[in-house]
Each structure stands twice: as C-alpha cells, then as structure tokens.
Peer 1: 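Sharing a structure here in structure tokens format.
All heavy atoms count here, side chains included; hydrogens, waters and symmetry mates do not. Each ligand, and each atom within it, is numbered from 1 in the order the structure gives.
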Amino acid sequence: MTTTDYAEEPGYTSSYLADQHAGQLARLRTLERAFDPLSQAVFDQLGLTCKSAILDLGAGAGSLAGWLSKRYPDSTVTATDIDTRFLTDIPGIRVITHNAVTDGFPVGSFDVVHVRALLCHLTERESILTRAVTWVRPGGWLVVEDMSLQPSLRTANPVFRKVAQAGVTLLEQSIGSDMLWADTLPERLRDRGLSSVGHCTHEGRIGDNSPADAFWAATTEQAGPALLKLGLLTQDDLDAMANLRADPAFTDAALTFVSAWGQVP
Ligand SMILES: C[S@@+](CC[C@H](N)C(=O)[O-])C[C@H]1O[C@@H](n2cnc3c(N)ncnc32)[C@H](O)[C@@H]1O
C-alpha cells in the first residue's frame, strides 16, 4: 500500500490519518501538545494509588503513557497500538501490538483503562467500549477522551464551514469515524453501569496559534490530497482556508475535547 491509497479500503489504518503517512508522527505530536495537559488533569483528579496497572489503548506516539509512568512510578503502564512504531524509547512502559477491534485482555486486568482519540474513528466503538469495561477491576476507572467537531459545523464563516463539512465527510467515508460521538460519552459510560461518572469539556479553537490550532492545521494538511482526490474540496477552497486561518482578525471554535470517566462497580 502506498501513502496515497487512502480511499480504497475503509478504516483508520488505510486512511490518510494512518501511521504509514509520512507526516503522522509530527501530527501525533501536535495532538499530544494540545491534549496531554487535559488528560493529565483528568488523571490527577482520579486519586490513583501509586501502584496501579494502567492501560493506554491506541497510545499513538506515547507521550501520555510516558507521563503516566513518571507520574505513577510504582505502577505498570501498558501502551498498546495496532502500529507500535512510535512507542520505542519510552522508559518505564510495556508496549504491546494490539488491535482494539479483535484483541482483548483478561477480565479485570487493569486499575485504569484510558483511550484517547481512537474510538470515534472505529466503527466498532460501542462494542470496544463494552469490552474495555470488562478489562477494568472492580473499583477501577475507565477514562475515554475524544473530540467532537460539532463546533466547526456550526460556524457562521462559510469558508471554514465548507472545509469542516468536507473534513467530517472524509472521516466518515474513508474511516467510518463519528465526529459527534464524543458529545455522548458520559451517557455511554452510564449506559454500561459505571458509577461516579464525570466529564469535562474543552473548546479547541483555530486561528489563535494555540496547540489545538496547530493540531487542526496538521490534520487538515494531511487530509488535503484526499479531500482533493474525492472532490470534497478544490485547491481554491484549501487556499481560502489557509488565508482565513492566517488572518489575524479570524479565530473560531473548531472542536470540543471531551474527557469522560467512570468507576467500574
Ligand atoms: C489519533 S491517534 C491517537 C493516539 C493517542 N491515543 C493520543 O491521543 O495521542 C489514533 C491511534 O490509534 C491507533 N489505532 C488505529 N486503529 C487501531 C486499532 N484497531 N487498535 C489499536 N490502535 C489503533 C493508530 O495507530 C493511532 O496511533
């Protein structure tokens, strides 16, 4: 498979977002810079004992797993991904090649299961969530974080709205992503019988040179060839969006980052 065969098979790993893409590591780093502080704040309020078994499912480039192993030095931190290429040289973590769709863990393996920016992209998201609950010991926590692109679809700016709609359509068609699913996370956890369910949301903006802006720009750039190939946007649209983002007078809400957590009874 070449880097431009993104539209031929649906799914994350054959899409323009996948790890075989040359810019993927840099894009994952922008994601980490934007959202690690939010994920770390969620962990800090869980009140974990130092000796916990923690799973980071679909850990990507692993900065959060690395932080977890430092923050809880007596814990065991397991980082999984379908492609573990970027999970090398991170001290203190156990790395497993693991497909969240087809592979599991024994019941009650972990005190915390964390999954970020993965389930919204997998069509099996509901069944993975149900299975992930079983991997947590009674009294342990499931922490799910994902982003909703709802704010970008509501923008009053026609250039941004067109690009946002095209991006959501591309994600749906080429991967099977649901970019509004994150908005429902707390009720998904309650539906599965979790207690002490909590959540927090954070608005990510574009055009303000924030870490979220850098992540949005890196993702849109990576998606550019696919958006053009599928006829969802023209080069003029992409140029207009780049000019808009560079306009000092422009900033707008692009996404909502949702963190939700609940305790397994
Ligand atoms: C958007 S990245 C998020 C990475 C990381 N969770 C973070 O937030 O920094 C999604 C990650 O999920 C991985 N992935 C995609 N499909 C997967 C699957 N079926 N099972 C496990 N990991 C998968 C990708 O390889 C990629 O590293």
Peer 1: Check whether any heavy atom of H121 sits under 4.0 Å from an atom of ligand 1.
Peer 2: no

Peer 1: Could you tell me whether N99 approaches ligand 1 through its side chain, its backbone, both or neither, with non-hydrogen atoms closer than 4.0 Å?
Peer 2: both

Peer 1: With a heavy-atom distance limit of 4.0 Å, tell me whether H98 approaches ligand 1 through its side chain, its backbone, both, or neither.
Peer 2: backbone

Peer 1: Tell me the contacting part of L28 for ligand 1: side chain, backbone, both, or neither, using a 4.0 Å heavy-atom threshold, strictly below.
Peer 2: side chain

Peer 1: So is G58 polar-close to ligand 1, meaning N/O to N/O under 3.5 Å?
Peer 2: yes

Peer 1: Using a strict threshold of under 4.0 Å (side-chain N to carboxylate O), is an ion pair present between R190 and E187?
Peer 2: no

Peer 1: Under a 4.0 angstrom heavy-atom cut-off, which atoms of ligand 1 come close to G60?
Peer 2: 4 (C), 5 (C), 27 (O)

Peer 1: Side chains of residues 255-265: which donor-acceptor partners sit under 3.5 Å, not counting sequence neighbours?
Peer 2:
residue	atom	partner	partner atom	Å
S259	OG	E145	OE2	2.6
Q263	NE2	G139	O	3.0

Peer 1: With sequence neighbours left out, write down each residue that passes side-chain contact (heavy atoms from CB on, under 4.5 Å) with D237, or none if nothing qualifies.
Peer 2: K162, L233, T234

Peer 1: So with a 6.0 Å cut-off around CD of E221, is the heavy-atom count from everything else above 12?
Peer 2: no

Peer 1: Could you tell me which non-hydrogen atom of I93 sits nearest to which non-hydrogen atom of A65, and how far apart they are?
Peer 2: CG2-O, 3.6 Å

Peer 1: If we only count N/O pairs under 3.5 Å, is L31 in contact with ligand 1?
Peer 2: no

Peer 1: Does D89 have more than 12 heavy atoms from other residues, nucleotides or ligands lying within 6.0 Å of its CG?
Peer 2: no

Peer 1: Could you list the atoms of ligand 1 found under 4.0 angstrom from a heavy atom of V101?
Peer 2: 19 (N)

Peer 1: Report yes or no: does R94 contribute a side-chain atom to a donor-acceptor pair with the main-chain N or O of T78 at less than 3.5 Å?
Peer 2: no

Peer 1: Heavy-atom distances under 4.0 Å decide this one: backbone, side chain, both or neither, for A59 against ligand 1?
Peer 2: backbone

Peer 1: Could you tell me whether R116 and D36 make a salt bridge, using a distance below 4.0 angstrom between a side-chain N and a carboxylate O?
Peer 2: yes

Peer 1: Does any N/O atom on Q24 come nearer than 3.5 Å to any N/O atom on ligand 1?
Peer 2: no

Peer 1: Quick check on contacts: which atoms of ligand 1 are under 4.0 angstrom from a heavy atom of A100?
Peer 2: 18 (C), 19 (N), 20 (N), 21 (C)

